[in-house]
Amino acid sequence: MKHLSLLLLWMFFILPTIAQAQQNTLPPQEIAERQLVAYNNRDIEAFAALFAEDAVLYTLGVDKPIAQGKTEVYELYKRLFENSPNLYCKVVNRSILGNKVLDYEQVTGRAGTEDQVMEIIAIYEIEGDLIKRCYFVRK
């Protein structure tokens, strides 16, 4: 029984942790921070470089993704950056849970909502030092 417990511990906790450590060379919060800096600088090349080729962005509770694949992420944010010269995101709170980064964000300067503060929770799932999935929770 003791050997079975150790095997289960190894299979479900230790092995996935080792695999994750081998995949990521940077802490997940570092990837999220680099993405934030590129966003605030409206640097589409640096921003898109942080997303996996098969990245998917979702609004929580909506079945259809906002963007699927790095090309769609690039095009979506390129338009946003071009149309929002005063775009700025402030992270109010950041939590890290394994390879996931949860940011409570306040976004200002977004085209069409320049005078408003948008409150968003963004959940970034990091794999291999790239953003694989992102979920947005909007107020």
Side-chain angles (χ1 to χ4, degrees):
M1 187 64 162
K2 183 178 179 180
H3 294 290
L4 180 59
S5 297
L6 289 173
L7 179 62
L8 291 174
L9 177 68
W10 176 261
M11 286 175 51
F12 292 105
F13 297 103
I14 297 172
L15 194 56
T17 302
I18 292 170
Q20 183 64 37
Q22 291 172 344
Q23 286 181 344
N24 293 341
T25 58
L26 296 171
Q29 62 267 29
E30 177 67 24
I31 304 301
E33 186 63 25
R34 289 179 182 189
Q35 181 263 165
L36 175 68
V37 169
Y39 181 95
N40 283 338
N41 289 329
R42 292 175 313 285
D43 181 345
I44 189 58
E45 298 302 328
F47 183 84
L50 295 165
F51 285 84
E53 288 298 325
D54 59 347
V56 184
L57 279 57
Y58 299 95
T59 295
L60 201 63
V62 178
D63 291 336
K64 185 178 181 214
I66 298 167
Q68 280 188 285
K70 188 175 197 166
T71 302
E72 285 188 21
V73 171
Y74 182 96
E75 291 303 322
L76 175 72
Y77 281 91
K78 181 180 182 206
R79 285 190 305 275
L80 176 64
F81 294 167
E82 288 172 349
N83 295 320
S84 306
N86 297 316
L87 186 65
Y88 184 78
C89 177
K90 174 184 175 186
V91 173
V92 176
N93 190 18
R94 175 172 282 165
S95 298
I96 294 90
L97 185 61
N99 69 329
K100 293 167 187 70
V101 178
L102 294 80
D103 282 351
Y104 170 56
E105 304 173 347
Q106 293 178 336
V107 178
T108 56
R110 189 173 174 136
T113 63
E114 287 90 352
D115 298 335
Q116 298 175 0
V117 175
M118 295 175 58
E119 294 179 277
I120 298 170
I121 295 175
I123 305 167
Y124 304 100
E125 185 174 349
I126 313 298
E127 288 183 12
D129 291 339
L130 296 171
I131 299 168
K132 177 78 170 182
R133 277 179 283 291
C134 186
Y135 302 89
F136 297 105
V137 182
R138 301 178 194 279
K139 195 170 184 180

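Nothing fancy with the numbering, it's 1 onward along the sequence. Predicted, not measured: the structure shown is a model, and the values here were computed from it.
Checked against C89 for a side-chain contact (heavy atoms from CB on, under 4.5 Å), the options V37, N40, T108, I120 give a single hit: N40.
Residues I44 and V73 share a hydrophobic cluster, clusters being chains of Ile/Leu/Val/Met/Phe/Trp/Tyr side chains in contact below 4.5 Å. Hydrophobic clustering (side-chain heavy atoms under 4.5 Å, transitive across Ile, Leu, Val, Met, Phe, Trp, Tyr) groups Y39 together with Y74. Linking Ile, Leu, Val, Met, Phe, Trp and Tyr residues whenever their side-chain heavy atoms come within less than 4.5 Å leaves Y104 and M118 in two separate clusters. Linking ILVMFWY residues whenever their side-chain heavy atoms come closer than 4.5 Å, directly or via other members, leaves I123 and I96 in distinct clusters. Cluster membership check: V92 shares its hydrophobic cluster with L102, using side-chain heavy-atom separations under 4.5 Å among Ile, Leu, Val, Met, Phe, Trp and Tyr.
The heavy-atom pair separating I126 from P28 by the smallest distance is CG1-CB, 3.8 Å. Minimum interatomic distance between Q29 and V101 (heavy atoms only, all atoms of both residues): N-CG2, 3.8 Å. Smallest separation of non-hydrogen atoms from I131 and Q35: CD1-CG, 3.8 Å.
Here the straight-line distance linking atom CG of L36 with atom OH of Y88 works out to 7.0 Å at 0.5 Å rounding. Rounding to the nearest 0.5 Å places CD of Q68 at 6.5 Å from OH of Y58. Here the NZ atom belonging to K100 is positioned 12.5 Å from the SG atom belonging to C134, to the nearest 0.5 angstrom.
Taking the side chain to side chain donor-acceptor pair (under 3.5 Å) definition, one finds that E82 meets it with nothing, sequence neighbours left out. In terms of the salt bridge (Lys or Arg N to Asp or Glu O under 4.0 Å) criterion, residue partners of E125 (sequence neighbours excluded) are, by chain and number, R133. When the salt bridge (Lys or Arg N to Asp or Glu O under 4.0 Å) test is applied to R110, no partner is found at least two apart in sequence or on another chain. Evaluation of the side chain to side chain donor-acceptor pair (under 3.5 Å) rule for R94 yields E33, D103 as partners, not counting sequence neighbours.
Residue pairs meeting the salt bridge (Lys or Arg N to Asp or Glu O under 4.0 Å) criterion with at least one member in residues 51-65, sequence neighbours excluded, are E53-K70, D54-K132. Among residue pairs with one or both ends in residues 34-51, those qualifying as salt bridge (Lys or Arg N to Asp or Glu O under 4.0 Å) are E30-R34; sequence neighbours excluded.
For the pair D129 (side chain) and L26 (backbone), a donor-acceptor distance under 3.5 Å is present. The closest donor-acceptor contact from the side chain of S84 to the backbone of A111 lies under 3.5 Å.
N41 places none of its side-chain heavy atoms less than 4.5 Å from the side chain of F47. The shortest side-chain heavy-atom distance between F136 and I66 falls under the 4.5 Å cut-off.
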Step-by-step side-chain contact (heavy atoms from CB on, under 4.5 Å) determination, Y77 to L57:
CA-CA 12 Å; Y77 281 91; L57 279 57; 3.7 Å; yes
